[in-house]
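Beneath this line is the structure, given in structure tokens, with notes to follow.
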Amino acid sequence: MMRTFIFIIFVVITGAIVLSMLVPLIAFVLTLGLLYYGIRHFILADTLLAKIGFAVVALIGLSLSLSNSPALVGLVAAVVLYYVVKAWQKPAPDTERYDWVTEN
């Protein structure tokens, strides 16, 4: 009974953290995409002007993703919530203990 109560409280708290960090998480993913786009095209660029332009795009993506770094709290909360729910769905271990003193 107490285990269920603690589980429900934990899920409510981590769920609230994930929901409150949903918009920063989306912005973090988009800015990481911009950073990836800039780096990828910087590597593939042939001219110096293109390399400078894509370096600027990559730096903008990096600065925006660093400004959304508190979204990592939401990401960690989502991962913890996933593993807690996954562990909760496992069957409870057998509570009978082996007593070596009384066993023949």
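Under the 4.5 Å side-chain contact rule for hydrophobic residues, V84 and L81 share a cluster. Under the 4.5 Å side-chain contact rule for hydrophobic residues, M21 and V80 do not share a cluster.
The only option from V57, V56, L62 that meets the side chain to side chain contact (heavy atoms under 4.5 Å, CB included) definition with I60 turns out to be V56.
Other members of the hydrophobic cluster containing Y82, listed by chain and number, are V79, Y83; membership follows side-chain contacts under 4.5 Å among ILVMFWY residues, whether direct or relayed.
Identified under the ring pair (Phe, Tyr, Trp, His ring centres under 6.0 Å) test for residues 57-76, with sequence neighbours left out: none.
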Side chains of residues 24-45: which donor-acceptor pairs under 3.5 Å do they make with residues two or more places apart or in other chains?
{"residue": "T31", "atom": "OG1", "partner": "A27", "partner atom": "O", "Å": "3.1"}
{"residue": "T31", "atom": "OG1", "partner": "F28", "partner atom": "O", "Å": "2.9"}
{"residue": "H41", "atom": "ND1", "partner": "Y37", "partner atom": "O", "Å": "3.1"}

Listing, residues 8-18 side-chain donor-acceptor contacts under 3.5 Å, not counting sequence neighbours, or none:
{"residue": "T14", "atom": "OG1", "partner": "F10", "partner atom": "O", "Å": "2.9"}
{"residue": "T14", "atom": "OG1", "partner": "V11", "partner atom": "O", "Å": "3.4"}

